[in-house]
Amino acid sequence: MEPLNAIVERVHASGRRVVLAITGGGSGAIAALLRVPGGSRTLVEAIVPYSPDALVDFLGHEPEQACSAATAVAMARRAVARAARRSGRTGALLVGAGVTASLVTDRPKHGDHRCHIAVTDGGRVDVVSIVLDRGARDRAAEEDLVARATLLTLARACGIDTPGVESLLGPNDRLTVAPSAPFDDLVARLLAGAIERLTMLPDGQLATNAPVPRGVLAGSFNPLHAGHLELARVASEILAARVTFELSVVNADKPVLAAVEVRRRLEQFSWRGTVELTRAPTFREKARVLPGAAFVVGVDTAARILDPRYYGGSAASMVAALDEIGRLGGRFLVAGRADPGGRFVTLADLAVPGPVAHLFEQIPEARFRRDISSTELRGVAAGPQPR
């Protein structure tokens, strides 16, 4: 492999202006950039938000997981925004890099030793994720590997032909490289984490800066059915404001939706309604992306929102999450639904903690009742299944 200093020299000669943000490991990449003359031409800023509070301050929100590809992308996006503000040059070629790692420590650790490296020029986002062979290296060796992987990923973002990160890895390390997203494909940018929110208007136009709606009906819409449309209409009347639909491309329990699947689901809404596309699988994250919105949910979803099992088994964590939603201006309109026995289940059947009870409002059965679900419709469409 080409000596590391030679690669850094080519980075310095690339004309890029870089902001680098690193947490958890790999900070040796900063020293490597500064050790070679010419660093002031390249490095605008290097940030190490190492403590949880520092990372929250840097990102502007608390990530669901500190060491994840999504957090690395968020860090890279924040970094390139800082590069744009601080570079002092019109038309400068900018690169933001975000690195998050979980490596050998002096405390017992049960998860994988891993790192996620994201780089962006403000349009496309490249993500490199490595799961390290646990026990094969000490802390210093893992730190060195993450730093070298960061420099190789950064060099490629600067237009430099370098060996791939795989050249650094051992036989039991695992590497994942996410494909780049072209700037002009907004759905691809959302899937890559380059933007947090994308709005599709009823005529199919896409916007990245639409006003936040007053009401939001979240769902998978697989498929969209008349109950969704009727519920949105009724909620609009209750709120005296238009209710839009929200589809998260990220699900806590399933893979990220493919672009072709996102477009298929969006086609259902043509001239029927506005759709907010997000990367927010939980309502806490939705409230951060769509502050001030009232979320329209079915009673089954409300039951999950109020179930401590979805908060690590902690009722206190559940109340804290709901309290944050409330402080962001969010609340919930809850539609009832018949259970398998035919009994109509409503918000009154759920245990809502007193401190957050004001965030929940029942939609009267007289205003809305439809007992068909997307799951049932998919079963009908599939036809009888063999026994």
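You'll find the side chain of Val262 reaches within 4.5 Å of the side chain of Leu277, heavy atoms only. Within the 4.5 Å cutoff, the side chain of Val127 has heavy atoms near those of the Val73 side chain. Put simply, the side chain of Ile47 reaches to within 4.5 Å of the side chain of Arg82, judged on heavy atoms. Between Thr274 and Thr199 there is a side-chain heavy-atom pair separated by less than 4.5 Å. With contacts defined as side-chain heavy-atom distances shorter than 4.5 Å, the pair Arg114/Cys67 qualifies. Using a 4.5 Å heavy-atom cutoff, the side chains of Ile238 and Glu361 are in contact. In this structure, Ser270 and Glu267 have side chains that are not in contact, with every pair of non-hydrogen atoms separated by 4.5 Å or more. Between Asp121 and Val80 there is no side-chain heavy-atom pair separated by less than 4.5 Å.
Counting only distance, with no hydrogens or angles, the side chain of Asp126 and the backbone of Val119 share no donor-acceptor pair below 3.5 Å. The main-chain N or O of Ala294 is never found under 3.5 Å from a side-chain atom of Arg331 such that the two would form a donor-acceptor pair. Although no hydrogens or angles enter the test, the distance criterion places no donor-acceptor pair under 3.5 Å between the side chain of Arg86 and the main chain of Glu45. At distances below 3.5 Å, at least one donor-acceptor pair connects side-chain atoms of Thr71 with backbone N or O atoms of Gln65. With hydrogens and angles disregarded, a donor-acceptor distance shorter than 3.5 Å links the side chain of Arg156 to the backbone of Thr162. With hydrogens and angles ignored, the 3.5 Å screen pairs a side-chain donor or acceptor of Asp339 with a backbone N or O of Gly342. With hydrogens and angles ignored, the 3.5 Å screen pairs no side-chain donor or acceptor of Thr301 with any backbone N or O of Val297. Between the Arg214 side chain and the Leu239 main chain, a donor and an acceptor come within less than 3.5 Å of each other. A donor-acceptor pair is defined here as one N or O able to donate and one able to accept, closer than 3.5 Å; no such pair exists between the side chain of Glu143 and the backbone of Gly25. At least one donor-acceptor pair closer than 3.5 Å links the side chain of Thr100 to the backbone N or O of Ala66.
Residues Phe269 and Leu224 share a closest heavy-atom pair of CE2-CD1, 3.7 Å. Contact detail for Val146 and Gly26: the closest heavy-atom pair is CG1-CA, 3.7 Å.
By the neighbour-count criterion of 12 heavy atoms within 6.0 Å, atom CZ of Arg309 is sparsely surrounded, having that number or fewer from other residues, nucleotides or ligands. Heavy-atom neighbours of Arg264 CZ from other residues, nucleotides or ligands within 6.0 Å: above the threshold of 12.
A single hydrophobic cluster is not seen to contain both Phe58 and Val95; linkage of ILVMFWY side chains at heavy-atom distances under 4.5 Å, directly or through other members, places them apart. There is no path of hydrophobic side-chain contacts, each under 4.5 Å, that joins Val177 to Met75. Under the 4.5 Å side-chain heavy-atom criterion for ILVMFWY residues, a single connected hydrophobic cluster contains both Leu4 and Leu43. Phe344 and Val299 are assigned to two separate hydrophobic clusters, defined by single-linkage of ILVMFWY side chains at heavy-atom distances under 4.5 Å. Taken together through direct or relayed side-chain contacts under 4.5 Å among Ile, Leu, Val, Met, Phe, Trp and Tyr, Tyr50 and Ile117 form part of one hydrophobic cluster.
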- Derivation of the salt bridge (Lys or Arg N to Asp or Glu O under 4.0 Å) call for Arg137 and Asp133: CA-CA 8 Å; Arg137 303 174 181 87; Asp133 183 7; over 6 Å; no
- Test salt bridge (Lys or Arg N to Asp or Glu O under 4.0 Å) on Asp112 and Arg134 and set out the steps. CA-CA 7 Å; Asp112 289 325; Arg134 185 167 174 167; 5.9 Å; no
- Message: Please determine whether salt bridge (Lys or Arg N to Asp or Glu O under 4.0 Å) holds for the pair Glu196 and Arg288, giving the CA-CA distance in whole Å, both sets of side-chain angles, and the decisive distance to 0.1 Å.
- Response: CA-CA 10 Å; Glu196 292 181 344; Arg288 292 167 179 165; over 6 Å; no
- Task: Evaluate salt bridge (Lys or Arg N to Asp or Glu O under 4.0 Å) for Arg304 paired with Asp300, printing each intermediate quantity in order.
- Result: CA-CA 7 Å; Arg304 291 191 292 272; Asp300 294 345; 5.7 Å; no
- Task: Evaluate side-chain contact (heavy atoms from CB on, under 4.5 Å) for Phe221 paired with Leu266, printing each intermediate quantity in order.
- Result: CA-CA 9 Å; Phe221 307 112; Leu266 288 179; over 6 Å; no
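For the salt bridge (charged side-chain N to carboxylate O under 4.0 Å, His left out) with Arg197, the qualifying choice from Glu276, Glu246, Glu285 is Glu276, the only one to do so.
With rounding to the nearest 0.5 angstrom, the CG atom of Leu257 is 6.0 Å from the CD atom of Glu261. Taking CG from Leu190 and CG from Leu198, the interatomic distance works out to 6.0 Å, rounded to the nearest 0.5 Å.
Between Phe245 and His228, the distance from one ring center to the other does not fall under 6.0 angstrom.
No salt bridge links Arg139 with Glu142; every basic N to acidic carboxylate O contact stays at or beyond 4.0 Å.
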